[in-house]
Every structure is written in C-alpha cells, then in structure tokens.
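Below is one structure, written out as structure tokens; comments come after it.
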Amino acid sequence: MSKISRFALLGAGVLALASCKSMDLSEDAFTVTPQILEAVGGEVPVTVDGTFPEKYFKKKAIVTVTPVLQWAGGSVAGDPASFQGQKIQGNNRTVVKKNGANYTITTSFPYQPEMRVSELYATFDAKKKSGKKIEIEPVKLADGVISTAELYANTAGNGNTAAAEDGYQRIIKQAQEANIMFLIQQANVRSSETGSDAIAALKEVMKTVAADTKNYGVENLEVSAYASPDGATSLNENLAGQREKNAAKYIQKEMKNSKLNTAVDSKYTAEDWDGFKTLVQESNLQDKELILSVLSMYSDPERRESEIKNISSVYSELADEILPQLRRARLTLNYQLIGRSDEEIAEAYASQPSVLSCNEILYYANLTKDAAKKTEILNTAIKQYPNDYRAYNNLAQIYFEAGQFDKAKEQLTKAASLNAAAAEVNTNLGLVALTASDPKAAATYLAKGAGKENAEALGNLYIAQGQYERALSELKGSNTEAEALALIMNKDYSGAKRVLSAIAVPTGYTYYLQAVAAARTNDAAAVAQNLKKAVAADPSLKAAAKSDVEFAKFASAVEAL
C-alpha cells in the first residue's frame, strides 16, 4: 500500500465490499505501469499486468476486472477485461484452473484536476454460472496523478500575446514620376511632351513640396535617359547622353520656377535592353518567345540586334510598338510625407482626438506602459473607429496580461467579427482557449495564426497534446515558462532550470516549475526555497503544492508553506 499519508482519505470504506475471501487477490498479483500515474495529452494512461494464480480461478466463474480511478467525490472506470472458467461457454477468455493466467489491460482516463489526489484500484465483478455473486475485494494498485503537463494552461496564461500593428509611419517615402518621350534619333525636348498631364502633375507636386517644408521633405530629383537598342552603339551612346542633358536642363528650370531646392541626379543608358525585354514580355507579339530566346542566348548588343532583325515577321511590330516606348527620359521626384511627431500626436489627443487617424491613436497607445492609460486610448480608438479590429485586439492584450481572460475573449470575439482572418486575433484566441484547457479550440485558432507569438502558443498546445519534443521545437530559445515546461516533460531538468533563471519577470509559476525541476533531481533545499517563492508570488499555489504528487517525497517543504 502507498506510504503517502494524504491519500488515506480514499480508504477502504469507499470501496469496501462484504466479501467471502475465497477469490480475493493481493497486490502481488498486479504490476502497474507507470507506478505513479501521470497526465499525458489530457489523458491518464495506465497498463495493468495481472495474474490469476494457479488453482485460483473457479471452473464455473465469470470475472470482469476493471481499473477504477477513485478520488474524493468521484471516480471513473477504465476499460474492463472479462474471463471465464473452463466449464463456462461464452466469448470471454477462458482460464484453466490448474494453470492460472496472465493478462494485460491497457486503458486511460480523461484527465480531471480532481485526479491529482487519487488512487487506482482493480475492481471485480464476479459471479458463478448459477448467477450467484462472488464478492472479491478491490485491490489498490497505484497513487496519482502527476499533472505537471497540465500546467500548460498556466504557462499559456503567462505567455506573449500578439499585437496588431499600428501602421503609423511618421516618414513615408513618396515618388512622383513623369516621362519625356523623344522621336527616333532626336534629343530635343518638345513642347508637346512638356505639356502632358504627367508633367503637369509633377510640377504641381514640386510646388506643394517646396511650399510646405513642415509636412514634406525632399530627397532628390532623378533624371534617367534612354535610347532604344536599335542602331549603332556609338550613336545611341551620344543620343542617350544628349537626352539626359536636355531633360536635366528642362527640369532644373521648372525646379527654379517652383522654388524647389534639391539635388538633381542624372544618368543615361545607351541601349535599354532591360526595358526592351520587359515590354516584349508584356506584349502580345506573335514571336515574343523567339525574341526572348535571342536575348538569353546573346549578350553582345550588335549580335542581338542582328538576330532580332532577321525575324522579319516581327521586326516591323517592334519598330512600331516597342522601340518608341524606350526613347525617353524618366523624371522622378523622391520626397517624404512627414506626419505628426510624438508631441504633436499627444497634443492633438488631449485637445481634439477626432483629428487623429486610427493609426495615430494606436501608435499613441504604444507610447505608454501604463495599462490604465493605454486602455483609455484604445477605447478612444474604438469609439472613433469602431470597424477597425486592431484596437479590440490590443485592448484584449491588456486584459489577458492582467489575467482577465473572459474580458480578453470578449474583445477578441469583437475583433474576429471584423476580421476573422487576422493572424494576431487567432493567435490570441488560441491562447485564451489554452488558458481554459480547451486544446481542440486552440488548435483551430492557432492554425490561422502566425509569427513568434503563435509559435509559442503552438508550443503550449503541443504540451497539451502530449507532443513534448514537438513543443520544444516551437519553444526553443523563447526563454518562457512554456519552454521550461517542455524541457521538464522532455526530462531536461538542467535546461529547464537555465530557462527559468533567465525569465526577466518571474511569476509564481516560474518558481513552481523550478520546484518541480528540483524535485525531479532530488534537490530538497531547492524544492523548499522555490515553493516558498511561488506561494509568496501567488498564494493560490499553496493548495496546488499540497496536492501535487511531484512533491510527495518532500513533505517537510510542503508542510512549511
């Protein structure tokens, strides 16, 4: 019988039967694996190897053996196995009296927290062929249950949630482009080109940027001139260079008119083979694959031109549709759109928050570490932008970190109603499901999550499913309680201690897991020390420690709490 005194509450009175002793069995008739039961993947698996001794089994008896896990206030039966004596005709396994028999029952029990303090019994339902009941005393087989793996619900609750990005960029790069097209073998800038809508739009942006230096910044203005890859290379070299010079001269004049002061970076490309290839790929030319093969086969410009001209069926189309588009100078104004500074956002929020975009409000919320202030700002975002899921998600993070999982779930449900595909929302819903010990729902959500936080949540899920090596592959290097739990379940206790020591802000469960690792390495002093710290950080862990089989051998440490 077990020597662990706290299991005495499950004494013989619970299961005692008024029995005749003729078929009673002793503990020696059974071997149990594991000797102390343990929850794995939400189940408590057990294998019972039993023996009917020689001359034990009555020839006209039927016996059903059932493993039963019993605890104060409840019990659950495992899979039974039935046997019959040699003078019984039936479908059960026959036991010859003079020989006896060995048998194995493999079963499992769905884990419940109450099973932490429990006892496993072999119970018997026996009767004679006549139907008269034979009383056989239940036999205690094991104590249990080690439920350390079930701490995944707590390590998930102390895990990292996924934030929805605020999307705010104070400096946003912009570019305004316009092309000046040239006639074949010409480089003069024609008035028909400078009067185009694209040039007009470019000049308008130049004026705006030059006049408003608070909200705009200028990087440079680029001039890139090109010649089409037909004709002599030396001719195209001179032609592209002249086009660059003339286009730069034109735009510098317009910059002066717009009062725009910035550098002009100009260059030219003598033969624009890259542009030619792109246009051919995008075209509907009949022999475009043949042209593209020529480009891939030959790198010499003159050989390329010669081979393409030999394709007489298509060259006229190239001359009419493709080559004219390459005779150009591209003008690009690179500038910046400058948003509000942190101070300006704070001032606007205090005086007139309605002028702020949702991105700006979400960004402002991220500037504070104060949970109450952050909650207020996010509620403002929700009020002004009720159809943006991000504020609900980020508000849920605050509730989750405070251990208010129901409130977190409420906000995440609202977020999901606006964007069911949002990865961060699904990650966080998965974490909430894990805190409620609902790995099935968590798996559905986490399949739609992404990122580092989702990997950590998956690690907790795999612990819940009993896939400890897979859990560790997701959690490795995260320096979280979940990683430490995965290491413990993989029997790497030194690794678990190292990870737990590296946690910057330890919780009660950080110390509790330290105590578990110490117990599994028989370090009584460390068990006592870490249990005291755990209970000091989280008083609810006192009751957990007193009923935890992990600490059965360390009664003095538990009694001192």
Side-chain angles (χ1 to χ4, degrees), residues 1-4 7-41 43-112 114-115 117-145:
M1 300 293 286
S2 170
K3 295 181 180 179
I4 302 174
F7 290 104
L9 62 94
L10 302 171
V14 179
L15 290 169
L17 297 170
S19 65
C20 66
K21 301 295 183 180
S22 59
M23 287 191 73
D24 284 349
L25 292 166
S26 70
E27 292 180 36
D28 296 337
F30 299 93
T31 302
V32 179
T33 306
Q35 292 181 334
I36 300 177
L37 306 186
E38 182 171 7
V40 178
E43 296 284 327
V44 181
V46 63
T47 298
V48 177
D49 291 303
T51 299
F52 293 124
E54 295 175 7
K55 299 181 181 181
Y56 164 84
F57 210 100
K58 296 181 181 297
K59 294 180 180 181
K60 295 182 179 181
I62 299 172
V63 178
T64 298
V65 184
T66 305
V68 175
L69 193 60
Q70 181 92 17
W71 62 91
S75 66
V76 61
D79 296 326
S82 295
F83 307 88
Q84 62 192 28
Q86 62 198 71
K87 290 190 176 182
I88 297 290
Q89 291 184 349
N91 296 322
N92 301 314
R93 178 182 170 184
T94 298
V95 179
V96 178
K97 182 173 182 177
K98 69 175 182 178
N99 297 333
N102 297 321
Y103 60 91
T104 298
I105 302 174
T106 300
T107 190
S108 65
F109 308 96
Y111 175 75
Q112 301 177 43
E114 295 81 5
M115 293 177 178
V117 181
S118 60
E119 295 173 334
L120 179 68
Y121 283 85
T123 65
F124 308 91
D125 181 12
K127 60 184 178 181
K128 295 180 179 180
K129 185 178 181 181
S130 64
K132 183 178 179 180
K133 187 174 180 64
I134 302 172
E135 303 291 350
I136 303 177
E137 188 77 12
V139 178
K140 181 179 174 182
L141 305 179
D143 290 314
V145 169

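Gln112 is linked by a side-chain hydrogen bond (donor to acceptor under 3.5 Å, both in side chains) to nothing, counting only residues two or more places apart in sequence or in another chain. Among residues two or more places apart in sequence or in another chain, the ring-ring contact (aromatic ring centres under 6.0 Å, His included) test is passed with Phe109 by none. With sequence neighbours left out, Thr66 forms a side-chain hydrogen bond (donor to acceptor under 3.5 Å, both in side chains) with no residue at all. Residues meeting the side-chain hydrogen bond (donor to acceptor under 3.5 Å, both in side chains) test with Ser75, sequence neighbours left out: none.
The minimum heavy-atom distance linking Tyr103 with Thr51 is given by the pair CE2-N, 3.8 Å. Considering every non-hydrogen atom in both Ser108 and Pro45, the closest pair reads CB-CA, 3.8 Å. Of all non-hydrogen atoms in Pro110 and Met115, the two that sit nearest each other are O-CE, 3.0 Å. Here the shortest heavy-atom pairing between Ala61 and Ile134 reads CB-CD1, 4.1 Å. Taking every heavy atom of both residues into account, Ala126 and Val63 meet most closely at CB-CG2, 3.8 Å. Closest heavy-atom contact between Ile105 and Val65: CD1-O, 3.8 Å.
Residues Thr104 and Thr47 have side chains in contact (heavy-atom distance under 4.5 Å, counting atoms from C-beta outward). Contact of the Val145 side chain with the Leu69 side chain is registered, since non-hydrogen atoms from C-beta on lie closer than 4.5 Å. Here the side chains of Val139 and Tyr121 are not in contact, with every heavy-atom distance at 4.5 Å or above. Using a 4.5 Å heavy-atom threshold, the side chains of Val32 and Leu120 count as touching.
For residues 28-39, the salt bridge (Lys or Arg N to Asp or Glu O under 4.0 Å) pairs, not counting sequence neighbours, are Glu38-Arg520.
Between the side chain of Ser118 and the main chain of Gln70, no donor-acceptor pair closer than 3.5 Å is present. At distances below 3.5 Å, at least one donor-acceptor pair connects side-chain atoms of Tyr56 with backbone N or O atoms of Met23.
Atom CD of Gln35 has 12 or fewer neighbouring heavy atoms from other residues, nucleotides or ligands inside a 6.0 Å radius.
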Expected list for residues 76-87: side-chain donor-acceptor pairs under 3.5 angstrom, two or more places apart:
| residue | atom | partner | partner atom | Å |
| --- | --- | --- | --- | --- |
| Asp79 | OD2 | Thr107 | OG1 | 3.3 |
| Ser82 | OG | Thr64 | OG1 | 2.7 |
| Gln84 | OE1 | Asn92 | N | 3.4 |
| Gln84 | NE2 | Ile88 | O | 3.3 |
| Gln84 | NE2 | Gly90 | O | 3.3 |
| Gln84 | NE2 | Asn92 | O | 3.4 |
| Gln84 | NE2 | Thr94 | OG1 | 3.2 |
| Gln86 | OE1 | Lys97 | N | 2.8 |

I'd like to know whether Lys133 forms a side chain to side chain contact (heavy atoms under 4.5 Å, CB included) with Asp125, so could you lay out the CA-CA distance, the side-chain angles of the two residues, the decisive distance to 0.1 Å, and finally the verdict. CA-CA 8 Å; Lys133 187 174 180 64; Asp125 181 12; 3.7 Å; yes

